[in-house]
Novice: 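This is the structure, below, for whatever I ask next.
Convention: sequence-line order gives letters A, B, ...; per-chain numbering from 1.
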Amino acid sequence: MVLALILIAFAILAIWVVRVAGWRFALQRLGGSSLIIVLVTFATTWLLRQVPGDPCLTALGTGANQEAVDLCRLERGLDKNVFAQYWSWARDVLSGDLGFAFYKNRETLSNVLQARGPRSFWLFVYGQTIALLISVPLGIWSAYQANRVPRKIPVWLLPIFLVATLALAITGGWTLSAIIVLAVLVPLAIFYGLRGGPAGDALVNTSAFALLSIPVFVIGETFRYIFAIERDWYDLIGYRSWGDGVGAHLSSVWLPALVLGLSVTPVYLRLLRSDMIQNLQQDFVAVAKAKGMSNRHILFRHVLRPSTLTLLTVAGLNIAQIINGAIVVEFIYDYDGMGSYLIAAVARREFFPIQTLVALVAALFVFANTLIDVVYTTVDPRVSAGDDK
Amino acid sequence: MSEPQLKVEDLRVAFATPRGSVQAIDGLNISLEQGETLAIVGESGSGKSVTVRTVMNLLPSTASIEGNITFDGLDLRNVPKDRAKHLWGVDVAMIFQDPMTSLNPVKRIGSQITESMRYHLKYSKGQAKAKAIELLTQVGIPEPEKRMRQYPHELSGGMRQRVVIAMALACEPKLLIADEPTTALDVTVQKHILDLLGELQRERGMSMILITHDLGVAGGRADQIAVMYAGRIMEEAPASTIFSSMRHPYTEALFESIPSVSDPSHTRLTPIPGRPPDLLNLPTGCRYAARCRYAQVSCTEALPSLESIGTNHSVACYLPVGSSAAIDARAQNEAAGVTAAGLDLHSNMEIL
Amino acid sequence: MSDTTDPGVGTQAFPSTPKVPSAPSKPIKVPRRSGGGNWLFRLAAAWLIFIISVTILFAIFGDALPLLSDPTLKDASAIKQGPSWEHPFGTATFGQDVLSRVVEGGKISLFVATVVTAIGIFVGGAMGLLAGYYRGWVDTVVRLLVNTTLSIPALLLVIFIVAVRSQSLANVIFAVTLLAIPALARIVRASTLQVADREYVKAAEVLGAKRSSILIREVLPNVMPTLISFAFLTTGIILVAESTLSFLGLSVEAPTITWGSIISEGRISFAETPHMVFLPALVLFLTVLSLNFVGDQLLKRYDIKEAAIG
């Protein structure tokens with residue numbers, strides 16, 4: 001079923017590419033992507049042979065009888081060379097047989113995908129949405145403020161503040177001083193930031209930079225501590241589907257999605273900001289100003305569009321980062337999607353489903369990137385006209 | 001004589017840079033009558049672009065501006081907010097140097113021309129489109145309907161500059177500012193564009209400020225010519241008199257550096273020795289003294305002011321070309337081989 | 001100097017009255033560019049560089065410091081205690097001193113990050129340079145390898161490799177390196193393409209210099225800034241990758257301590273031991289922040305556009 005959908009999507013994409021960009025381009029792109037998909041899946045097959053000992057033996061447990069192990073080796077093509085093994089794997093996958101997820105209880109990977117796939121999908125969608133909802137407005141605002149008249153910040157406050165904090169820390173303890181730092185410095189920074197001008201831009205950009213340096217699992221654990229341990233705003237009871245009601249569904253995903261979204265927000269924000277600042281310095285912006293167009297018009301009609309194209313490409317490349325993040329987030333929140341399945345499978349040393357999963361994700365990723373490339377081609381007139389590079 | 005259409009008085013503009021304050025314009029006066037053309041001539045960095053960008057309100061936030069700019073009796077530095085919304089782009093419009101970058105690459109030509117009409121004049125889509133097609137025809141673009149749907153990269157440089165001109169004319173400006181409109185174009189196209197500008201100006205009775213580094217370009221097309229150097233006007237005169245009776249040594253040197261058809265074929269052009277002063281660190285005296293072959297001690301001590309010496313003709317020089325003092329000064333410098341400002345008159349060819 | 005007579009200008013009567021010099025032009029006041037921002041920035045920079053040096057020094061000379069004890073020393077009287085003067089970072093599940101564990105773990109984490117970056121720079125840099133300068137089949141092969149590797153989400157690939165082979169230090173380094181090489185190769189290739197297109201390289205080619213010597217004398221020095229900037233950024237990324245792996249329990253197995261393993265131990269009894277999560281996480285964050293900061297500043301200084309590279 002899943003595979004049929006993927007194939008249909010692929011066919012639609014192929015037709016579209018041919019219509020938009022012509023046969024040559026279509027063949028080049030699709031050929032290139034297919035080659036990469038084949039290489040990746042082959043590499044995973046080859047890596048599987050690196051398992052110390054025998055993956056079949058590991059999968060079935062040491063107590064398994066020789067007959068079962070031999071059957072498994074035969075099924076997986078492990079008794080032949082790597083090409084034959086790859087061929088038997090590829091044939092199975094292409095005919096829709098993804099193999100067993102857990103060897104002993106004979107649950108198929110297709111079943112796991114059907115049960116857990118949507119959970120990861122929604123997490124991905126919400127995460128991406130949150131990231132864009134935060135980064136796009138902030139990025140635009142930040143880029144706009146960067147070009148405005150600087151406002152004076154009372155810098156002399158800072159050393160006074162530092163000395164006061166230090167004194168407090170020595171006399172009153174670190175906790176109190178930390179609370180006061182947060183209570184005074186953060187509102188102060190936000191206050192000066194919100195007044196706009198380069199200070200506002202600096203605030204946004206610095207925060208994004210700091211956020212970029214926090215690993216996902218640290219964000220995840222911090223939020224878990226704040227929202228699920230200190231307070232019970234989020235129950236670690238696992239995923240609720242749309243069928244259980246919108247409220248139940250959203251309350252079961254909001255925290256993991258927020259963490260996932262926050263982890264990619266700075267990437268989008270910084271990119272959009274720097275791209276827009278660069279565009280704001282272009283001649284055509286001065287021309288639009290000379291035409292007397294309003295700042296808002298210039299920002300949204302002239303600058304945002306070329307920058308959106310850049311954002312689109314990065315959003316595509318970022319799918320990989322979100323998948324990385326999703327694995328970690330699902331692990332932290334016991335969110336029973338594909339990521340936590342993956343970790344569980346690794347722990348159980350179930351290599352066959354992992355191999356298939358890695359191959360599928362890689363294929364999906366290559367596919368998504370091809371799609372974005374093609375969208376880019378159709379949206380950007382400079383590229384579509386063929387005067388690229 | 002009525003009040004001039006555009007009047008700039010004692011304009012000073014400085015930019016804050018990490019290395020210090022750059023004095024881009026220093027005490028500049030301009031006045032432009034309705035329907036006239038003023039050409040501002042100068043080397044790059046002389047402040048001519050900054051001048052018009054100040055008028056267009058396009059300077060970045062790092063600029064500090066002093067002085068008065070009046071347009072049609074309106075103080076351009078303190079325009080009421082509702083008037084300001086529909087002033088630039090409507091009454092005053094500007095054409096930029098490089099047509100390759102002046103147009104937004106991801107917007108269609110049509111929407112770029114019509115957007116200002118729709119925004120300022122509240123035209124309907126249809127009205128704006130009809131007007132845009134008319135404009136494109138006027139600036140000499142064939143198949144205007146087809147061009148409207150195209151993107152900038154599908155047009156040649158000359159065509160793009162015509163589009164930029166059409167864009168600037170969309171709201172029927174009273175004053176058109178052209179900032180080196182032909183510098184980035186092929187020589188063959190340059191004349192067409194300049195002729196087109198002159199023609200459109202005459203038809204519409206617009207005033208125009210033409211910025212150029214080419215005294216020759218300014219000569220045939222302007223009523224009044226102002227020669228700028230290092231943020232100051234050195235000499236200003238009607239185009240008809242500036243060539244015949246130039247008074248400033250800089251104008252003279254500029255003139256000598258233009259090739260002329262009447263010269264014998266291997267005539268060597270005379271370059272101006274040295275380079276413009278560092279705007280971060282300006283000399284105390286005349287800005288041109290260091291490169292001037294007439295320079296005397298007095299020139300390096302105090303800044304000469306712009307003095308009127310005839311109808312519409314003024315010059316900022318202690319030793320105007322042609323005066324007996326200037327002739328003496330030059331003879332004295334030639335004899336010494338070096339000017340009072342330290343310019344070596346004999347070896348300057350090697351400097352360049 | 002030519003002595004041409006001034007064209008069209010006769011020695012006509014001319015008012016040669018000396019003119020009154022105009023009032024000396026007073027420079028107008030200009031506000032400073034970034035009202036104290038630079039000062040703040042330098043402070044932040046100094047602080048971050050301080051952090052990075054402290055972390056490295058601790059990792060190398062940590063054993064000699066008085067505050068530290070044996071990171072594996074169990075103390076039944078001080079189990080899961082919060083920060084105190086005796087144990088600035090608190091104590092772990094069996095009463096071990098967390099600060100000592102962080103220092104010990106830093107050795108492994110920083111070692112992995114440094115080694116991986118070094119290998120990545122050498123191998124990935126060489127691949128990128130050759131592909132970007134010689135083009136042709138070398139480029140095709142490198143591009144294919146890079147695109148293939150980068151088409152698998154990094155963490156997924158590393159998890160798979162570490163799972164398939166055993167969880168030893170060598171395998172972790174191997175897996176993470178496999179990630180660093182193509183990423184750096186891609187960046188260096190893009191940078192090389194830009195440099196190879198410049199006039200001085202073309203000039204050297206026209207003058208008939210050997211291509212290999214052009215590569216080393218002209219191209220390499222100009223790719224260096226990019227390479228060095230990304231070396232810092234990569235170290236940060238690898239540090240995060242390794243910590244994530246050990247956080248998930250997939251890096252070097254216990255008893256070896258890494259930053260990620262301390263955090264993952266602390267999260268199990270989170271309500272009792274938040275200090276075991278937050279304090280090592282803070283150290284990790286500050287280290288990565290500093291590395292990113294240095295890398296980012298180098299990129300800015302050399303005016304390297306990340307978008308153009310990526």
Novice: Taking every non-hydrogen pair under 4.5 Å, which of C:Gly236, C:Pro274, C:Ala241, C:Ala281 racks up the most with chain A?
Specialist: C:Pro274
Novice: Measure distances from A:Leu39 to the heavy atoms of chain C and classify the residue's part below 4.5 Å as side chain, backbone, both or neither.
Specialist: both
Novice: Among A:Ala320, A:Ala363, A:Gly325, which has the most heavy-atom pairs under 4.5 Å with chain C?
Specialist: A:Ala320
Novice: Quick one: do C:Leu291 and C:Leu233 satisfy side chain to side chain contact (heavy atoms under 4.5 Å, CB included)? Show the steps, please.
Specialist: CA-CA 6 Å; C:Leu291 288 166; C:Leu233 297 176; over 6 Å; no
Novice: Is it true that A:Arg224 and A:Asp334 have a side-chain N and a carboxylate O under 4.0 angstrom from each other?
Specialist: no
Novice: Side chain, backbone, both or neither: which part of C:Ile237 has an atom under 4.5 Å from a heavy atom of chain A?
Specialist: neither
Novice: Taking side chain as everything from C-beta outward and backbone as N, CA, C, O, which of these in A:Ile319 sits under 4.5 Å from a heavy atom of chain C? Side chain, backbone, both or neither.
Specialist: neither
Novice: Under a 4.5 Å heavy-atom cut-off, does chain C meet the side chain of A:Gln355, its backbone, both or neither?
Specialist: both
Novice: Using heavy-atom distances under 4.5 Å, tell me whether C:Leu239 contacts chain A through its side chain, its backbone, both, or neither.
Specialist: neither
Novice: Tell me, side chain or backbone of A:Ile343 under 4.5 Å from chain C's heavy atoms, or both, or neither?
Specialist: side chain
Novice: With a 4.5 Å cut-off on side-chain heavy atoms, are C:Leu169 and C:Val112 touching?
Specialist: yes
Novice: Which bit of C:Phe278 is near chain A, if near means a heavy-atom gap under 4.5 Å: side chain, backbone, both or neither?
Specialist: side chain
Novice: Which residue out of C:Ile161, C:Leu248, C:Val158, C:Thr149 racks up the most heavy-atom pairs below 4.5 Å with chain A?
Specialist: C:Leu248
Novice: Is A:Thr44 close to chain C through its backbone or its side chain, or both, or neither, when contacts mean heavy atoms under 4.5 Å?
Specialist: both
Novice: If you count heavy-atom pairs under 4.5 Å with chain C, which of A:Phe365, A:Phe331, A:Tyr225 comes out on top?
Specialist: A:Tyr225
Novice: So for A:Thr222, is it side chain, backbone, both, or neither that comes closer than 4.5 Å to the heavy atoms of chain C?
Specialist: both
Novice: Count the heavy-atom pairs under 4.5 Å between each of C:Val277, C:Val162, C:Leu145, C:Leu284 and chain A, then report the option with the highest count.
Specialist: C:Leu284
Novice: Under 4.5 Å from any heavy atom of chain C, what part of A:Val218 do you find: side chain, backbone, both or neither?
Specialist: side chain
Novice: Checking A:Leu47 against chain C: side chain, backbone, both or neither under 4.5 Å from a heavy atom?
Specialist: both
Novice: What part of C:Leu156 gets closer than 4.5 Å to chain A, counting heavy atoms only: side chain, backbone, both or neither?
Specialist: both
